[in-house]
A.B. asks: 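Pasting in a structure now, in structure tokens, and then I'll have a few things to ask.
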Amino acid sequence: MDSSTLADQKRRARRIVRALKKAYPDATCALRHETPLQLLVATILSAQCTDERVNQVTEKLFQKYSTAEDLARIPLTRLEKLIQSTGFFRNKAKNIKACCQTLVERYDGQVPRKLAELVELPGVGRKTANVVLGTAYGIASGIVVDTHVARICRRLGLTDQTDAVKIERDLMELIPKSEWIDFSHRLIHHGRQVCKARRPLCDQCVLEPECPRIGVG
DNA sequence: CTCCCGATAT
DNA sequence: ATATCAGGAG
């Protein structure tokens, strides 16, 4: 980090949390879903893909295949075609099917509520597990660190790390656990609308007072 | 570290 | 043309 103390960083992090809460009071998960299983599938599909496209794909997919049992039985090539437009479709199809097969075999088709169990599922890492636990179950297992959260937290100087797990560890020290779930949703919303990767709209940014803006990237 | 990969904005 | 999009596995 820099010469500022941990206490300084915590105070700054709380100002950022407060500004985000004021600016985006209703920010929530943008992946449309009706069940924890659907959110899990949508989150697997969201890797390197916009949430808008994931929602288009899942709307059709869940019309016919909405449960773990459905997706565990679906022919692989059929699933591949249904999710093709999200990219990485062979990996995602294989993972979704294997994941749902495991859920049927070990968890009665339900999504488990423990991080350690979730990350053992094919295609599920910490980011996906945190999304599902936080949004579907209200369990603050950690902080969702996706591409937006990573980028913005580096820009803000809340972390120097590039590895998602190390960024998450830094953020968990700085932010009270009661804020973890909403913080991620709000930061991701902010990343899509304002603090964008390519052309950040710094003139309309509510975090501008807290941002060093050194080499914006 | 590389690979997986289509769609869109710039 | 190229960077980027709610990453994870080998």
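Numbers restart at 1 for each chain; the letters A, B, ... are given by sequence-line order, proteins then strands. This one's a predicted model, so the numbers in the text were calculated from it and none came from an experiment.
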A.B. asks: Listing request: all ring-ring contact (aromatic ring centres under 6.0 Å, His included) pairs with a residue in residues 11-49 of chain A, at least two apart in sequence or in separate chains.
C.D. replies: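 Only Y24(A)-H189(A), Y24(A)-H190(A) qualify under ring-ring contact (aromatic ring centres under 6.0 Å, His included).
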A.B. asks: Quick one: salt bridge (charged side-chain N to carboxylate O under 4.0 Å, His left out) partners of R32(A), sequence neighbours excluded?
C.D. replies: none
A.B. asks: For DNA chain B, which residues of residues 60-83 of chain A approach it to below 4.0 angstrom with any heavy atom?
C.D. replies: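 Residues of residues 60-83 of chain A that come under 4.0 Å of DNA chain B do not exist, since none gets that close.
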A.B. asks: Would you kindly compare S184(A) and L121(A) by the position of their nearest DNA chain C nucleotide and give the one closer to the 5′ end?
C.D. replies: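 Nearest nucleotide further toward 5': that of S184(A).
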A.B. asks: Using a heavy-atom cut-off of 4.0 Å across all strands, would you classify V54(A) as base, sugar-phosphate, or nothing?
C.D. replies: nothing
A.B. asks: For dT4(C) and R199(A) - does any side-chain N or O of the residue sit under 4.0 Å from the phosphate oxygens OP1/OP2?
C.D. replies: no
A.B. asks: For R11(A), enumerate each residue passing the salt bridge (charged side-chain N to carboxylate O under 4.0 Å, His left out) test, keeping only those at least two apart in sequence or located in another chain.
C.D. replies: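 If we apply the salt bridge (charged side-chain N to carboxylate O under 4.0 Å, His left out) test to R11(A), skipping adjacent residues, the hits are D8(A).
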A.B. asks: Can you list everything that forms a salt bridge (charged side-chain N to carboxylate O under 4.0 Å, His left out) with E208(A)? Sequence neighbours excluded, please.
C.D. replies: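 Testing E208(A) for salt bridge (charged side-chain N to carboxylate O under 4.0 Å, His left out), a comparison that skips the adjacent residues, returns R213(A).
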A.B. asks: Is it true that R14(A) and E179(A) make a salt bridge, defined as a side-chain N closer than 4.0 Å to a carboxylate O?
C.D. replies: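 Salt bridge: no.
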A.B. asks: Looking only at side-chain atoms of A197(A), point me to the closest of dC5(C), dA6(C), dA3(C).
C.D. replies: dC5(C)
A.B. asks: Below 4.0 Å from chain A heavy atoms, what is the first contacting nucleotide of DNA chain B and what is the last?
C.D. replies: dC4(B) to dT10(B)
A.B. asks: Please measure how far the P atom in dC4(B) lies from the corresponding atom in dA1(C), and state the result in whole Å.
C.D. replies: 23 Å
A.B. asks: With no hydrogens and no angle check, do the side chains of Q9(A) and D170(A) hold a donor and an acceptor under 3.5 Å apart?
C.D. replies: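 No - no donor-acceptor pair under 3.5 Å links their side chains.
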A.B. asks: Using modelled atom types and a 3.5 Å cut-off, is there a donor and acceptor pairing between side-chain atoms of R12(A) and backbone atoms of L156(A)?
C.D. replies: yes
A.B. asks: For nucleotides dC5(B) and dT2(C), find the distance between their C1' atoms and express it as a whole number of Å.
C.D. replies: 15 Å
A.B. asks: Is it the case that dT2(C) (base atoms only) and R198(A) (side chain only) share a donor and an acceptor within less than 3.5 Å, ignoring hydrogens and angles?
C.D. replies: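 Per atom types, the contact qualifies.
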A.B. asks: Counting the atoms with a prime plus P, OP1 and OP2 as sugar-phosphate, which does F88(A) contact under 4.0 Å by heavy atoms, base, sugar-phosphate, or nothing?
C.D. replies: base
A.B. asks: Take atom P in dA6(C) and the same atom in dA9(B), then report the distance between them in whole Å.
C.D. replies: 12 Å
A.B. asks: At under 4.0 Å, does any side-chain N or O of T128(A) touch on OP1 or OP2 of dG8(C)?
C.D. replies: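 For T128(A), the contact criterion (side-chain N or O under 4.0 Å from OP1 or OP2 of dG8(C)) is met.
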